[in-house]
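Shown next, in structure tokens, is the structure this report addresses.
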Amino acid sequence: MKKAYQELKLGMTMAEVVALFGRPDSEGVRDGVVTLGWETQEFKGVLRGGRVTRSVEVELKDDKVIAFNGHNINISVV
């Protein structure tokens, strides 16, 4: 997910975004803006806080990325 997030750019098409991240875990439409979301969980170990959840949300209008946001993308699990 980190590598795909680094390649994500404004203006990309939905097909390009899906090619990077795969099928989205969530989809929605509001006021003509399509929102796609992806989420993964990785186990860090009991002494290191358990699981880390990474997520990405991408907003598209007229089939072009207009905004995106990532959560915990750069946290290491090693």
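Not measured: the values here are computed from a predicted model.
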K2 NZ to I73 CD1 distance, which is reported to the nearest 0.5 Å: 9.5 Å
Quick one: pull up CG in N72 and CE in M1 and give me the separation to the nearest 0.5 Å. 10.5 Å
Which residue pairs pass the side chain to side chain donor-acceptor pair (under 3.5 Å) test with at least one member in residues 3-15, sequence neighbours excluded? K3-E7, T13-E16
Check residues 17-38 and write down every donor-acceptor pair under 3.5 Å in which the side-chain atom is one partner and the other belongs to a residue at least two apart or another chain.
unit_1 : atom_1 : unit_2 : atom_2 : d
D25    : OD2    : E39    : N      : 2.7
W38    : NE1    : G22    : O      : 2.9
W38    : NE1    : R23    : O      : 3.3

For residues 56-71, which side-chain N or O atoms pair as donor and acceptor with protein atoms under 3.5 Å away, sequence neighbours left out?
unit_1 : atom_1 : unit_2 : atom_2 : d
D63    : OD1    : M14    : N      : 3.2

